[in-house]
Number of protein chains: 2
Amino acid sequence: MSSTYGDQMTTIRDVAKQAKVSTATVSRVLNNSEKVRSATRDRVNEVIRELNFIPNAAAVGLQRKKTKTVGLIFPDASAYYFAEIIQGINRHLSQNDHQILISSAHDEAEEIKIINGFVRGGRIDGLIMMMPSANGNNGFRIPLAYKIPEVFISCEINAPRSTTILLDNYNAAKEMVEHLSKLGHKRIAFIHGGEHNYDAHERYRGYMDGMKACPADEELNLVVMGNFTESSGFQATLELMKRKPTPTAIFAANDAMAIGAIEAARALKLRVPADLAIVGFDDISSAAYMDPALTTVHVPLRRLGHLAAEAMLKNLKTNLADRTTEKIIIPLQHIIRRSCGSE
Amino acid sequence: MSSTYGDQMTTIRDVAKQAKVSTATVSRVLNNSEKVRSATRDRVNEVIRELNFIPNAAAVGLQRKKTKTVGLIFPDASAYYFAEIIQGINRHLSQNDHQILISSAHDEAEEIKIINGFVRGGRIDGLIMMMPSANGNNGFRIPLAYKIPEVFISCEINAPRSTTILLDNYNAAKEMVEHLSKLGHKRIAFIHGGEHNYDAHERYRGYMDGMKACPADEELNLVVMGNFTESSGFQATLELMKRKPTPTAIFAANDAMAIGAIEAARALKLRVPADLAIVGFDDISSAAYMDPALTTVHVPLRRLGHLAAEAMLKNLKTNLADRTTEKIIIPLQHIIRRSCGSE
DNA sequence: TATTCGAATGTAACCGATTACATTTTTTGA
DNA sequence: TCAAAAAATGTAATCGGTTACATTCGAATA
């Protein structure tokens, strides 16, 4: 059985021999660490280029105990949402000579197993976790045992010396309710995204507090549980419109459910926004092209990824003792379009 | 500066010492390679569990010249589309004890540099490339120089001993035209996705050949270039409706552009499908929830990813000499909804 | 020109696993 | 019971780099 690299594996020894220096010198040139006479450096670089030599990552990793790789743990759902974030992360990391190693699983036990394997196997230098279903209370404490930098996205783990990046879901949701309220709506329903999802829960909290501040008709229960999919938004809306009195506005915890809600309104022969205002959250690319165009909250996913990568790179450069515990909250902007009846 | 692993790095020597055997025996237990007396095996496994030992990936990789990692090269665009594929790939690979290393860049030179670094640096055992803009003619020959398994998605590189996975865009597009034709349409326009995109081009070919077979009013040029975004579909439709005679149906090369087209029709006060039929391609999750629900071609992205992973794992087990050149074509299914006026 | 000293370079141990080969232990059979 | 064969285990070289320490070189100074 032939080797993976076949006969093309070039080692530092090949370079050393051809440049008539020791491997130590080649290594020094590679890492421009100590002083190397410029004539020697040029000669070595010439050979490196000639042989198309690239140091073996495993050998470097073994010695340095660094892999230039960041692990990414993401839930196995909602591809679009996570893909944008990952792109943001990857863009910034690869510009800084780092790679990402991805894993995803919904089963939390499996998740922990994977993380453990990554870290203890020395595969990664740092860990970026997006686990909206994890919080400090449900036993997700494993990462804290490690000493590698950790960045958490959309979950409140509260691990010391880690960086947490959150969206300001709460305020954005609250303001959205206030906006609907200002338009005269009193019976504003909410389609939840899932009890155990951090973002969904924060949006729900914002909705609830927003409602408290509004002059409401009466004590209403206008919250229905969805699961972030179009079809759940559709079902939830059908469900909501059976209640008496019926809501005059629906706030869906994400755009996909808002799309389902619009479709349900249509099935019920209700005009949006005249009979029923509908707003979402996320500002997915098609939101502007819905009928009616969807009022929503813009979530800068790539920027979120960029911030995560930035925090990771910073922590990677800082030794454990000097790392601080940080929480970055991204303010969110409303996008008022036609579906709320504002224009 | 403390080590990445801090004091928690457990080595095979620690295990050997505690189990009172040599490192060779521990290694044999780990790889259940040769025979080990079961009493010894149990004792070693016990210690491994006790110490939570996981072999250092770099050390294993250095020795074995295998990383259990597959490189993924994807274009830096259309997150949703690629995310679904990546999920499909990842799901299957991680079930088989492999990880993925992702990279993406639009600049082809940078792309080649990254691939080269991955392969020559021994970071990956195999390469899955999705480069719709690459084809055998535009110089994308680098990968052929390597001996690791290669799987290409949506591009025709024709590298020997590699596996290529393609969607049957051509036939699906042709059949879509035939479907529209059967509904009585004679002036069917096409919104292209990009000249250099493989999928877009195949869909275009299918459209053209479908048109040839249809009884057309006259020699029409009803093709406009888009770029797979909603806004380009919007613009393209505005453009198309200025032509005389105006098209009665629009076939967009993907759903996003079809969404833009529907919105444009609306802006022009045209009813869909009564005044203008509009169909797409991809079957994104919101397609069923558009108004009108979008007729399109379903593209099984996760399955595509799964097939790519499967092919990769198979090739990984086969040595170079025994690998065959394979081309897998995935047949595509139409989803007839309301936007084509069929119901 | 000889001496000194810092800069440049080389030597070899090491990172943590695997594995060919050597050695020890156990089993088998006469 | 003991020699021979088979099985289990150990020893040490190795993978391809990095780096502490040793050595050599060259320039500056006397």
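Because the structure is predicted, anything quoted here is derived from the model rather than measured. Here is the naming used below: chain letters follow the sequence lines, and residue numbers restart at 1 for every chain.
Direction change of the helix axis from one end of the helix from C:dT1-D:dA30 to C:dA30-D:dT1 to the other is 40°, with five pairs defining each end axis (rounded to 10°).
Nucleotides of DNA chain C that come within less than 4.0 Å of any heavy atom of chain B span, from the 5' end to the 3' end, C:dG16 to C:dT26.
Between atom CD of residue B:E326 and atom CZ of residue B:R161 there is a gap of 12.5 Å, rounded to the nearest 0.5 Å.
A:S27 meets the side chain to side chain donor-acceptor pair (under 3.5 Å) test with A:N31; sequence neighbours excluded. Remark: A:Q18 engages A:E50 in a side chain to side chain donor-acceptor pair (under 3.5 Å) (not counting sequence neighbours). Contacts of A:D322 classified as salt bridge (charged side-chain N to carboxylate O under 4.0 Å, His left out), with partners at least two apart in sequence or in another chain: none. Evaluation of the salt bridge (charged side-chain N to carboxylate O under 4.0 Å, His left out) rule for B:K20 yields no partner, not counting sequence neighbours. Scored by the ring-ring contact (aromatic ring centres under 6.0 Å, His included) test, B:H92 finds B:H306 as partners (sequence neighbours excluded). Evaluation of the side chain to side chain contact (heavy atoms under 4.5 Å, CB included) rule for A:T40 yields A:V21, A:T25, A:V36, A:R37, A:R43, A:V44 as partners, not counting sequence neighbours. Taking the salt bridge (charged side-chain N to carboxylate O under 4.0 Å, His left out) definition, one finds that A:K113 meets it with nothing, sequence neighbours left out. Checked against salt bridge (charged side-chain N to carboxylate O under 4.0 Å, His left out), A:E46 has the following partners two or more places apart in sequence or in another chain: A:R49.
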Pairwise N/O distances under 3.5 Å, protein to nucleotides 11-15 of chain D:
residue : atom : partner : partner atom : Å
D:dT14  : O2   : B:Q63   : NE2          : 3.1
D:dC15  : O3'  : B:K65   : NZ           : 2.8
D:dC15  : O2   : B:Q63   : NE2          : 3.3

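For residues 36-48 of chain A, proximity to DNA chain C is found at A:V36, A:R37, A:T40, defined as any non-hydrogen atom under 4.0 angstrom from a strand atom.
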